[in-house]
Asker: 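This is the structure, below, for whatever I ask next.
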Amino acid sequence: MSRENFGSRFGAIMALAGSAVGLGNIWKFPYEAGSNGGGAFMLVYLFFVFVIGIPVMLSEFVIGRRGQRNPFGSFKTLAPGTRWFWFGGLSIFAAAIILSYYGTVAGWTLEYVAYAIGDTFHGRSSEDIGQLFSDFVSNSYKPLLWQVGFMVLCGIIIMSGVKNGIERCVKTMMPALFVLILLLDIRACTLDGAAEGLKFLFVPDFSKLTFNSVLNALGQSFFSLSLGMGALMTYASYISRNENLTGISVRVVVADTFVSILAGMAILPAVFAFGVDPSAGPNLVYITLPQVFDAMPLGYVWGIVFFVLLTFAALTSAISLLEVCVAYLTEELKFKRLSATALSTGVIAALGVLCTLSFGPMRDFTIFGRTFFDAFDALSSNIVLPVGGIFICLFVGWKMKTMSVYSELSSGGRYPMGMFRIFMFIVKYIAPAAILLILLGAIGIVK
Ligand code: PHE
């Protein structure tokens, strides 16, 4: 059976950027920066993105495009007779865990689109808006409907295939997202008191940086770039053999980082202008922004724009997670695309119910002292993705033949690879060692 590919270079870049740019940038980055000391967090984050993120992303591209399969199958093809394919199992596990709690937040976003359209924020005090959020997320069925609805939407896109589903959707949503976020930035940065927020984001105060914030910055860089679990590997297997992987990865990393910074610049100034605590955590965008929209001219329109943007961002990332599971089921277990999508969507939506209910009826149900939602979040970003990153680096750095890596990265000698040695050095030594050190530090083994 011939495999489907992305139809164009633009489509491939939009799909990869669509996977990377998501709730991680717009919902998570501002509150992570907010709770981990702002500017100092941002600097550490940027270091991880450019020094570790790009090489790990390229490694995923190499494995995916050379293997021409889902993560499980690619490892089997590239390292036959070994147990490397277990990594594929980790990918599918990670995709299911991430997507299940991702769907919860994406579901909130859909409800907020409805609130914005219904002008629900208008004339409410900040306590009222906070109450609106907590009443909604703790409701026993409403957030579930939205979460399941969101998963069905993802399923419909994925069912239509790589070109007609994924590529078509990202080619319209991603450009729209860039325009929308720029508009929001202009609005937020011209608010009275915005300067305070920009200072918080850009002027580092290293006294606020702890070991844990370094781990969070690492986890955030992997999460935001969609690294360490095979999502980009799967997409890379649909990139044509003629494309330059290095050029694509730099574009995707820059776009992703740019959107995170733009999101920080849209949200933190507003947070300061309205006297909200920047370390409010996961509910930051749902509680602060509605107040901001209500207090600005044409706020009704801005509110709709923002939550639609967040929905687009979430959708284009969620489909990349679902595709990992669907590619595995169709290629390894010979499912039809339709049944593979139905099965994956169903299982993940069911897992997601646990996360969604973590804010309501199941709030007291904890594993390792955390609710399902928090446990899934911490487990995936701070453990599974970094560990996955180590394996990916070790595979490309030590297991694959250097010639094959070179040939894949240069597309068979078509593109110059000036930095190849530096790349190999980072992938062999620096990235695995740095990730390991931070992980050990986080569990308290290294101080
Ligand atoms: N990168 C996505 C975001 O920032 C989340 C994601 C993680 C998607 C891992 C795919 C794989 O929201």
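Whatever order the structure lists them in is the order used to number ligands and atoms, beginning at 1. Reckoned from all heavy atoms, side chains included, excluding hydrogens, waters and symmetry mates. This chain uses plain numbering: 1 for the first residue, then up along the sequence.
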Asker: Considering only NZ, NE, NH1 and NH2 on the basic side and carboxylate oxygens on the acidic side, decide whether Glu332 and Arg69 come within less than 4.0 Å.
Answerer: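 Looking at Arg69 together with Glu332, the answer is yes, because their closest N to O distance falls below 4.0 Å.
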Asker: Applying the side-chain contact (heavy atoms from CB on, under 4.5 Å) test to Ile63, which of Ser74, Ser237, Pro71 qualifies?
Answerer: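 For Ile63, the side-chain contact (heavy atoms from CB on, under 4.5 Å) test succeeds with only one of Ser74, Ser237, Pro71, which is Ser74.
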Asker: Between the protein and ligand 1, which nitrogen or oxygen pairs come in under 3.5 Å, and how far apart is each?
Answerer:
residue	atom	partner	partner atom	Å
ligand 1	1 (N)	Ser19	O	3.1
ligand 1	1 (N)	Ala20	O	3.0
ligand 1	1 (N)	Phe223	O	2.7
ligand 1	1 (N)	Ser224	O	3.0
ligand 1	1 (N)	Ser226	OG	2.9
ligand 1	4 (O)	Ala20	O	2.9
ligand 1	4 (O)	Gly24	N	3.4
ligand 1	4 (O)	Asn25	OD1	3.3
ligand 1	12 (O)	Leu23	N	3.1
ligand 1	12 (O)	Gly24	N	2.8
ligand 1	12 (O)	Tyr102	OH	2.5

Asker: Are side-chain N/O atoms of Ser279 and Ser35 paired as donor and acceptor at under 3.5 Å?
Answerer: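 There is no such pair (donor and acceptor under 3.5 Å, judged by atom type) between the side chains of Ser279 and Ser35.
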Asker: List the atom of Ala194, the atom of Cys189, and the distance in Å for their closest heavy-atom pair.
Answerer: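 So the two residues come closest at CB-O, 3.7 Å.
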Asker: When you check the gap from the basic side-chain N to the acidic O, do Lys76 and Glu331 get nearer than 4.0 Å?
Answerer: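 Answer for the salt bridge query: no.
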Asker: Honestly, is Lys171 close enough over Phe10, meaning NZ or CZ under 6.0 Å from the six-membered ring centre and within 45° of the axis?
Answerer: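 Not flagged: Lys171 not positioned over aromatic ring of Phe10.
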